[in-house]
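Written out below as C-alpha cells is the structure these notes cover.
Below, chains carry the letters A, B, ... as their sequence lines are ordered, and counting in each starts from 1. Everything quoted here is computed from the prediction, not taken from an experiment.
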Number of protein chains: 2
Amino acid sequence: MAGIKDVAAEAGVSVATVSRVLNAHPSVSEAARARVLAAVETLGYRPNAVARSLRTDQTRTLGLVISDVLNPYFTELARSVEEAARALGYSVIIGNADERPDLQDHHVRTLLDRRIDGLLVSPTDGGSPLMLEAARGGTPIVFVDRWIPGIDVPVVRADGRAAIGDLVAHLYALGRRRLAIIAGPAATTTGSERVEAFRAALAGHGLALPDAYVGQGDFQAASGRRATERFLALPEPPDAVFAADNLMALGALDALRAHGLRIGADIALAAFDDIPWFVHTDPPVTAIAQPTGELGRAAVHALAALIDGGTPPSVTLPARLVVRRSCGEDAPNPRSEQ
Amino acid sequence: MAGIKDVAAEAGVSVATVSRVLNAHPSVSEAARARVLAAVETLGYRPNAVARSLRTDQTRTLGLVISDVLNPYFTELARSVEEAARALGYSVIIGNADERPDLQDHHVRTLLDRRIDGLLVSPTDGGSPLMLEAARGGTPIVFVDRWIPGIDVPVVRADGRAAIGDLVAHLYALGRRRLAIIAGPAATTTGSERVEAFRAALAGHGLALPDAYVGQGDFQAASGRRATERFLALPEPPDAVFAADNLMALGALDALRAHGLRIGADIALAAFDDIPWFVHTDPPVTAIAQPTGELGRAAVHALAALIDGGTPPSVTLPARLVVRRSCGEDAPNPRSEQ
DNA sequence: ACGCCTCATGGAATCGATTACATCGAGACG
DNA sequence: CGTCTCGATGTAATCGATTCCATGAGGCGT
C-alpha cells in the first residue's frame with residue numbers, strides 16, 4: 001500500500017509538505033497543493049490511521065461497552081451513539097459484555113490498550129476496579145443508562161420514577177392490588193433503582209411490596225420466566241407483574257402463556273423499555289419508554305466535551321408511560337398506537 | 001502512561017528484553033523474565049496496541065459491516081461474530097450501514113484506514129467499486145449472508161431454497177392459492193434470490209407469481225407496510241404474504257392489523273428470518289430460521305483462514321421452516337413452541 | 001540597497017513498540 | 001588450553017505518519 005513517501009516522490013515534494021496538504025496547514029503553495037492532491041489521486045493514497053494515531057496520540061475513536069447487544073434497547077442506543085459520534089468525526093468500537101463483568105473488563109482493557117479517546121459504558125456490575133483506575137488515570141469516561149457509584153464521571157440516563165408512578169396509578173385504577181416486580185441485578189443501578197421507585201409508588205397508594213413479590217432477574221429472558229414461575233407458585237400470586245426490562249418481560253410472557261393465563265384479564269403485565277415488537281405481541285404490552293436516541297446523543301456529546309477538556313454535567317431525561325392492553329382493556333386511547 | 005522504556009528502566013534491562021518477555025520469546029533468562037514481570041506489575045504497564053500495530057502491520061482486529069443493526073438477525077450475527085473472533089484473539093469493529101450504500105462505503109473506508117486485518121461484509125448493494133478495489137488490493141474479505149457477484153471472495157450464507165419450498169407446500173396444503181411476496185432490494189442477492197426461490201416453488205405447485213404479487217421492499221418495516229397496503233388495494237388481493245425479512249414482516253403485520261384482517265384466517269403471513277419475538281406476536285409467526293450463530297462462526301473462521309494465507313471455501317448452510325399459527329390453524333405440532 | 005519579516009519548504013526527530021544484528025560470556029570439544 | 005557454538009542481552013533501525021526547526025526566497029519599509 002502506498003505511503004506518504006510515495007506520494008511525496010510522485011509529487012516531487014517532501015513528506016512534510018504532503019502532510020501539510022493533508023492536514024490543511026495554511027503554509028502550502030497552491031502549486032504544491034495541486035501536485036500533492038494529484039499524486040494522492042493517482043496513487044489512491046490513504047493515510048495510515050495507525051501511524052497517525054501513534055504520533056498524535058489520538059485515535060478519533062470512542063469505545064462503547066454495553067451490557068447486552070441482543071437487547072433491542074441497547075442496540076438502539078448503540079445505533080444512536082454511532083450516529084452522533086460519526087457526526088463528530090469519531091468511530092465507535094462496540095464491546096458486548098453479555099451482562100458478564102469479566103467480559104466487560106475484557107472489553108474495557110482491550111479498548112484502553114487501543115488508546116481510544118474516550119469510553120462510554122453501561123456497566124453490568126456495581127464496582128469494577130479496572131474502570132475506577134481508568135477514570136482516575138484520566139481516561140475520559142461517561143456512563144450511560146447505568147452507572148457505578150463512587151466513580152465520579154458524568155452519567156447520562158433516563159429517570160423512570162415519574163413514569164413508574166404513572167404505571168402504578170394505571171394499574172391501581174384498573175383494580176390491581178397485588179403488584180409484583182421482576183428486578184434486575186441489585187449490582188446495577190437500574191436494577192435497584194426501579195425496584196425502589198416501584199416500592200415508593202406502591203406506598204403512595206397504601207400498598208406494600210412483600211419480598212415474595214420481588215423476583216430476582218438478570219435482565220435476560222430466562223430469568224424473567226423463572227421469576228414469573230415463582231410468582232405463580234405462590235399461595236396468593238400477584239395480579240400484575242412489572243418487568244424491569246424488555247427481555248425479562250419476554251420471559252414473563254412465555255411463562256404466563258404456558259400457564260394458560262389471559263394477559264390483561266387474569267393478570268397484568270408491563271415492562272420497562274419500550275420496543276417496536278410490544279405493539280404486536282398478544283396482547284400489546286404496556287411499557288415505559290426511554291428517549292433512547294437522545295440518551296445516546298447526549299452521552300456522545302458529554303464524552304466529546306470531556307475529551308476536549310471540558311467538564312460536562314450529568315444528564316437525566318424523563319421516561320414516559322405508553323399504555324397498551326396488557327394491563328387491562330380500558331386503555332384510555334386504544335387506537336393511539338399504530 | 002508508562003511505556004516500555006519505563007519498564008526497561010525499572011527492571012534494569014533493555015527494551016528489547018522487555019519486548020521479548022512480553023512476546024514469550026524463548027531466549028530470556030528466568031531472572032530477567034521475573035524482574036520484567038515485576039516491573040510490569042508495579043508500573044501497571046500495558047503495551048500500546050497502536051505502536052505494536054504500526055510495527056507488526058497487524059491490528060488483530062476484524063471489521064464487520066452489516067446492513068442494519070436494528071435488525072435482530074444482524075445483531076445476532078454480530079454477536080456470534082464477535083464471540084468467535086474473540087476466541088481467536090481478534091477484536092471486532094462493527095459498522096452499521098443502515099441499508100445505505102454511502103454509509104457502507106464510509107465504514108469500509110474507515111476500517112481500511114485503520115488497517116483492520118480482515119473485513120466481514122453483508123453488502124447493502126450490488127456493486128461497490130471500493131470493495132472491489134479492496135478485494136483486488138489483497139485485503140482479506142468474506143461476505144456473510146449477502147454477497148456481490150463479481151467479487152471473488154468466500155461467501156458464507158444460508159440457502160433458503162429448500163425451506164421456501166417447504167413454506168410454499170405448507171401454504172398450499174392450507175388451501176392458499178394467491179401467494180404474494182414482499183421482496184428486498186433487487187440489488188441485494190438475498191433480495192432477488194428469495195423471490196426466485198419463491199417463484200420456483202410456486203411453479204412446482206402450478207401457481208404463477210404475477211408482478212402485482214411482488215412487492216418492492218427495502219428490508220425496513222415501513223416498506224413492508226406499504227407493500228402490504230398495495231396488495232390489499234388490489235382487485236384480487238393475495239391470501240398469503242411472505243416477507244423476505246423480519247422487519248418487513250413487522251410492517252406487514254401493522255398493515256394487516258390496521259385493515260382488521262384476522263391473520264392466519266383471513267390471510268396468511270410468513271417471514272424470512274426467525275426471531276424470538278415471533279413466538280409472542282398475535283398470532284405467532286411462521287418463519288424461516290437461519291442458523292445465524294453458525295453463520296457468524298463460519299464467517300470468522302473463513303476470514304481467519306484467509307488472513308493466514310489460506311484459501312477457505314464458501315460455506316452454505318441450510319435454513320429451515322418453523323411453523324406457527326400465522327398461516328392457518330392446523331400447525332402439525334401446535335405445542336412444539338412453548 | 002540593506003536588513004527584516006513572512007511564507008513555503010525540507011530535514012530530521014519523534015511517537016512506542018518489534019526485531020535484525022552485534023556482542024559477550026560460558027560451556028563443549030578436540 | 002584454544003576455539004567453536006549457543007544462549008542472553010543490548011544497540012539501533014524500522015513502521016508511517018506529524019511537527020519543530022532551519023533555510024532560502026521574496027516582499028517591503030526606510
Side-chain angles (χ1 to χ4, degrees), chain A residues 1-40 43-61 89 91 109-110 112-117 137, chain B residues 1-40 43-61 89 109-110 112-117 137 139:
Chain A
M1 192 156 288
I4 196 173
K5 276 196 283 237
D6 305 303
V7 176
E10 172 82 14
V13 297
S14 73
V15 295
T17 300
V18 175
S19 175
R20 278 190 274 257
V21 170
L22 265 30
N23 294 285
H25 187 102
S27 248
V28 185
S29 69
E30 231 7 88
R33 179 186 316 280
R35 288 217 309 288
V36 168
L37 260 18
V40 165
L43 292 170
Y45 168 77
R46 297 246 83 210
N48 183 327
V50 175
R52 188 206 296 265
S53 293
L54 176 60
R55 183 60 231 254
T56 60
D57 200 37
Q58 52 161 331
T59 50
R60 300 297 304 174
T61 301
S91 299
R109 206 182 308 272
T110 307
L112 255 23
D113 285 355
R114 278 167 200 266
R115 300 302 194 266
I116 43 128
D117 293 341
Chain B
M1 189 154 290
I4 197 172
K5 276 195 282 236
D6 305 303
V7 177
E10 172 81 15
V13 297
S14 73
V15 295
T17 300
V18 175
S19 175
R20 279 190 271 258
V21 170
L22 266 31
N23 294 284
H25 186 102
S27 251
V28 185
S29 70
E30 229 9 87
R33 180 187 316 281
R35 289 216 309 287
V36 168
L37 259 19
V40 165
L43 269 59
Y45 168 77
R46 297 246 80 211
N48 184 326
V50 175
R52 189 205 294 266
S53 293
L54 177 59
R55 185 56 231 253
T56 61
D57 199 37
Q58 52 162 325
T59 50
R60 300 296 305 172
T61 301
R109 207 183 307 272
T110 307
L112 256 21
D113 285 354
R114 276 164 202 272
R115 300 303 195 265
I116 42 128
D117 293 341
T139 307

Shortest non-hydrogen contact between Asp6(B) and Gly3(B), atoms and distance: OD2-N, 2.6 Å

Looking at every strand, decide which applies to Asp57(A) at a 4.0 Å heavy-atom threshold: base, sugar-phosphate, or nothing. nothing

Taking all non-hydrogen atoms of both residues, which atom of Val18(B) and which atom of Val13(B) are closest, and how far apart? CG2-CG2, 3.8 Å

Rounded to the nearest angstrom, tell me the gap between atom CE in Met1(B) and atom C1' in dG16(C). 13 Å

Report yes if the side chains of Asn23(A) and Arg52(A) come closer than 4.5 Å at any heavy-atom pair, otherwise no. yes

Using side-chain heavy atoms (C-beta onward) and a distance below 4.5 Å, is Thr61(B) in contact with Arg114(A)? yes

Does the side chain of Met1(B) reach to within under 4.5 Å of the side chain of Arg46(B), using non-hydrogen atoms? no

Hey, what bend do you get for the helix from dA1(C)-dT30(D) to dG30(C)-dC1(D) if you fit axes on five pairs at each end, rounded to 10°? 50°

Please report, rounded to the nearest Å, how far the P atom of dG16(C) is from the CG atom of Asn48(B). 7 Å

For every nucleotide of nucleotides 4-13 of chain C, 5' to 3': is a protein heavy atom under 4.0 Å from its base (B), only from its sugar-phosphate (S), or from neither (-)? ---SBBBB-B

Side-chain heavy atoms of Val40(A) within contact of Leu22(A), under 4.5 Å: yes

Atom CG of Leu43(A) to atom P of dG16(D): distance rounded to whole Å? 14 Å

Determine whether Thr17(A) and Ser14(A) make a side-chain contact, defined as any pair of heavy atoms from C-beta on separated by less than 4.5 Å. yes

Given dT18(D), is OP1 or OP2 found less than 4.0 Å from the side-chain N or O atoms of Asn23(A)? yes

Whole-Å distance between dA12(D) P and Ile4(B) CD1? 17 Å

Specify the closest pair of heavy atoms between Thr59(A) and Asp117(A), including all atoms of both residues, with the distance to one decimal. N-OD1, 2.9 Å

How many Å lie between CG on Asp6(A) and P on dC15(D), as a whole number? 11 Å

Once you round it to whole Å, what is the distance between P of dT19(D) and CG of Leu22(A)? 12 Å

Please state how far atom CD in Gln58(B) lies from atom C1' in dT18(C), giving the value in whole angstrom units. 11 Å

Round to the nearest Å and state the distance from Arg52(B) atom CZ to dG16(D) atom C1'. 18 Å

Any heavy-atom pair between the side chains of Arg33(A) and Leu37(A) that's under 4.5 Å? yes

